[in-house]
Amino acid sequence: MQRELAELISYQLKDPRLGMVTITGVEVSRELDHAKVFVTLMTDAEDAKQQAVAILNKAAGFLRKELGRSMRLRTIPQLHFAYDTSIDQGVRLSALIDAAVAKDKKGHTTDESEG
């Protein structure tokens, strides 16, 4: 489903405001009636992220119909798009770790020169 949605968004949606959308995951409910689709964008602008999610949620009916054609499932879940913050959090944590390591190395070099 993730692969099919990625292709549909890339090749079927013609909205120029979308930009580069990546689907990072899909969680389908046990009853197969709802699917939460997590997406990321190649931008840091919050308004662009919100706009892209709104565009995808507005196109959810079209995407669901096309998904039904391509996957031939008996039940096609309702699609709900959400921005995946895990990548942003990972980048932020990595920057904090890098800063802490740099500060620690700087502290060790001044301690060694004093001793």
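- Rounded to the nearest 0.5 angstrom, Leu79 CG and Met1 CE are separated by 7.0 Å.
- The shortest side-chain heavy-atom distance between Leu18 and Leu41 does not fall under the 4.5 Å cut-off.
- If you take NZ on Lys36 and NE2 on His80, they are separated by 9.5 Å, rounding to the nearest 0.5 Å.
- Counting only heavy atoms from C-beta outward, the side chains of Ser70 and Glu7 never approach each other to under 4.5 Å.
- Checking side-chain atoms of Arg64 against main-chain N and O of Ile76 turns up a donor-acceptor pair under 3.5 Å.
- Rounding to the nearest 0.5 Å gives a distance of 9.0 Å between CE of Met71 and CZ of Arg3.
- Panel note: side chain Arg17, backbone Ala52; no donor-acceptor pair is recorded below 3.5 Å.
- Here the side chain of Asp104 pairs no donor or acceptor atom with the backbone of Ala100 at under 3.5 angstrom.
- Phe81 has its side chain within reach of Leu63: a pair of non-hydrogen atoms, C-beta onward, lies under 4.5 Å apart.
- Here OG of Ser86 is found 11.0 Å from CG of Leu93. Values are rounded to the nearest 0.5 Å.
- Here the straight-line distance linking atom CG of Asp84 with atom OG1 of Thr24 works out to 3.5 Å at 0.5 Å rounding.
- Two residues are said to be in side-chain contact when any heavy atoms from C-beta on lie closer than 4.5 Å; Phe62 and Leu13 meet this criterion.
- Linking ILVMFWY residues whenever their side-chain heavy atoms come closer than 4.5 Å, directly or via other members, leaves Ile9 and Phe38 in distinct clusters.
- Atom CD of Gln51 is separated from atom CG of Leu56 by 10.5 Å, given to the nearest 0.5 angstrom.
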